[in-house]
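In what follows, a single structure is set out as structure tokens and then discussed.
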There are 2 protein chains.
Amino acid sequence: MASSRKARLYGGMDAEERRAERRLKLIDAAIEVYGEVGYRGATVKAICEAAELTERYFYESFANSEALLIAAYNHVVGHLHEEMAAAAAAGGDDSEARLRAALTLYFTRLKEHPKPARVFLLEISGISPAVDAVKLDALRVFSDILVPPARDPKGSDKGTAATLLSIGMVGAVISIALRWVSKHYPQPVEDVVVIAASFCRVALTEADRRQDLRLL
Amino acid sequence: MASSRKARLYGGMDAEERRAERRLKLIDAAIEVYGEVGYRGATVKAICEAAELTERYFYESFANSEALLIAAYNHVVGHLHEEMAAAAAAGGDDSEARLRAALTLYFTRLKEHPKPARVFLLEISGISPAVDAVKLDALRVFSDILVPPARDPKGSDKGTAATLLSIGMVGAVISIALRWVSKHYPQPVEDVVVIAASFCRVALTEADRRQDLRLL
DNA sequence: CAGTATTGACAATCTGTATTGTCAGATAAC
DNA sequence: GTTATCTGACAATACAGATTGTCAATACTG
């Protein structure tokens, strides 16, 4: 009775597990292929071949190419953000130290994994509104890790200067990363971190300055 | 004899002039259409209809959609950069004043012309290597207007920290612009300029600091 | 006005890829 | 070993848009 309701096992896995495994293989393959030819150049067929699966299984797990892109993006970025948050936390209370730690981890991973890097730096832009929304959300998380949002007693911050400061900061960091990656890492990680940090400091100190002004 | 070798006139224009006019109409139409549905959503047909021309004339002036995108981009950005350079020049020798002037002009134009803004902020990314190259070049010009490159006695700067500083600066400004435009201009131009300028100042002062170090 | 260059509308073709469907062979359950 | 399920290869279809081609209407020239 224990297994009576389970689907038939193949390779020791039930239907669910097999499906999950195929899904994962497709995501890995997608990252690989995007890294080679870009999202736009990646056909369903090519991704399936790289995953050693047939188109059938593509549509089993994803409604269309865009869905796979989003899944791949979240897969990559999810891991990265977790690690960055952990690194930042290890930096203690010093916001400067936290920043350094998070950025160092970020650029280190970028260098270790060029193909995933391409996925979320390059391939993710301007595909569709749905994809853009996913990206925007990720950038917000990224920003909050680098410079945690100020304790704001009264409600929301939307549309204020603080938001634009975050946006600018993230824009600077991403652009630097993009260039660094596309030029094949000409500078050592530490140097890039220093430069990126100098832009983050703008957001940090400007936000404080404004906070101070408000408190006067 | 004056006109003996000229092509037949239509509407008072010779063949060359008519062709140039159609080309321009296509560029204007493209900007319009890109602004509505984006580059990817823009079909040759739709652009031709907007231009009140038929597909035939599209291929008369452009080899393909991408060529038109590049032409439209250069059209928009060329003007903008000229104006920015002029504004900066009017700011005199004070690099801070020049920066303010150029940024103010930039964000003002962005607000006045949302559709062209879309073309070079949004539509231009990740189309193809050729388009990316055009964009990279434009960003370099943009950067040089905001913060003119330091007088560098010995040769090239490629791959150095100064380049990444420029890249970061431009990335910050563009990202801010993008957000501001896509949220329909929630803040007044002056406020956005202040924020953008704070990121540019990083490039300005960091570059100086490094220059000083080198001179010690 | 007659004749030709030019134009505009639209049909025809071409290409590439997504998506669905078929079927024979492989694998596990009993 | 027999049967039901699952898998892999690949064919059939669908579709969209780019690119080229046709032809009659129009605008100019002399």
* Within the distance-only criterion (no hydrogens, no angle test), does the side chain of Tyr106(B) pair as donor or acceptor with the backbone N or O of Phe142(B) below 3.5 angstrom? -> no
* Asked: How are the rings of Phe199(B) and Phe199(A) set relative to one another: parallel (under 30°), tilted (30 to 60°) or perpendicular (over 60°)?
  -> parallel
* How close or far is atom P of dT7(C) from atom CG of Asp14(B), stated in whole angstroms? -> 11 Å
* Asked: What's the CG-P distance between Leu69(A) and dA18(C), to the nearest Å?
  -> 13 Å
* Asked: Start at the 5' end of DNA chain D and walk down; is the nucleotide closest to Gly12(B) or to Glu55(B) reached first?
  -> Glu55(B)
* Asked: Can you give the first and last nucleotides of DNA chain D, 5' to 3', that have an atom under 4.0 Å from a heavy atom of chain A?
  -> dA4(D) to dA9(D)
* Asked: Which residues satisfy the ring pair (Phe, Tyr, Trp, His ring centres under 6.0 Å) test with His79(B), sequence neighbours excluded?
  -> His75(B)
* Structure fact -> For Ser198(A), the side-chain contact (heavy atoms from CB on, under 4.5 Å) test, sequence neighbours excluded, returns Arg201(A), Leu165(B), Val202(B), Glu206(B)
* Structure fact -> Residues at least two apart in sequence or cross-chain that pass salt bridge (Lys or Arg N to Asp or Glu O under 4.0 Å) with Arg118(A), listed by chain then number, are Glu123(A)
* Under 3.5 Å, side chain of Arg18(B) to main-chain N/O of Met13(B), donor-acceptor pair present? -> yes
For nucleotides 2-6 of chain C, tabulate all protein N/O to nucleotide N/O atom pairs closer than 3.5 Å, reporting atom names and distance.
residue : atom : partner  : partner atom : Å
dT4(C)  : O2   : Arg8(B)  : NH1          : 2.9
dT4(C)  : O2   : Arg8(B)  : NH2          : 3.2
dA5(C)  : O4'  : Arg8(B)  : NH1          : 3.4
dA5(C)  : N3   : Tyr10(B) : OH           : 3.3

* Asked: Between Phe58(B) and Gly11(B), which has a closest nucleotide on DNA chain D that is more 5'?
  -> Phe58(B)
* Asked: What residues, two or more places apart in sequence or in another chain, satisfy salt bridge (Lys or Arg N to Asp or Glu O under 4.0 Å) together with Glu36(B)?
  -> Lys115(B)
* **Pairwise salt bridge (Lys or Arg N to Asp or Glu O under 4.0 Å) hits with a residue in residues 162-174 of chain B, at least two apart** => none
* What's the CZ-P distance between Phe62(A) and dT19(C), to the nearest Å? -> 13 Å
* Set of salt bridge (Lys or Arg N to Asp or Glu O under 4.0 Å) partners for Asp144(B), sequence neighbours left out -> Arg140(B)
* Using modelled atom types only, decide if a donor and an acceptor are shared between the side chain of Ser166(B) and the backbone of Ala162(B) within a distance under 3.5 Å. => yes
* Taking five pairs at each end, how big is the angle between the two axes of the helix from dC1(C)-dG30(D) to dC30(C)-dG1(D), to 10°? -> 10°
* Structure fact -> What residues 36-49 of chain B contributes to the DNA chain D interface at heavy-atom separation below 4.0 Å is Thr43(B), Val44(B)
* Asked: salt bridge (Lys or Arg N to Asp or Glu O under 4.0 Å) with Glu83(B): which residues, sequence neighbours excluded?
  -> Arg109(B)
I'd like a table of donor-acceptor pairs (distance under 3.5 Å, sequence neighbours excluded) in which one partner is a side-chain atom from residues 52-70 of chain A, with atom names and distances.
residue  : atom : partner   : partner atom : Å
Glu60(A) : OE1  : Arg22(A)  : NE           : 3.0
Glu60(A) : OE1  : Arg22(A)  : NH2          : 3.4
Glu60(A) : OE2  : Arg22(A)  : NH2          : 2.8
Asn64(A) : OD1  : Glu66(A)  : N            : 3.2
Asn64(A) : OD1  : Ala67(A)  : N            : 3.0
Glu66(A) : OE1  : Ser128(A) : OG           : 3.4
Glu66(A) : OE2  : Ser128(A) : OG           : 2.8

* Roughly, in whole Å, what's the span from OH in Tyr59(B) to C1' in dC14(C)? -> 12 Å
* Lys/Arg N to Asp/Glu carboxylate O, Glu16(B) vs Arg19(B), below 4.0 Å -> yes
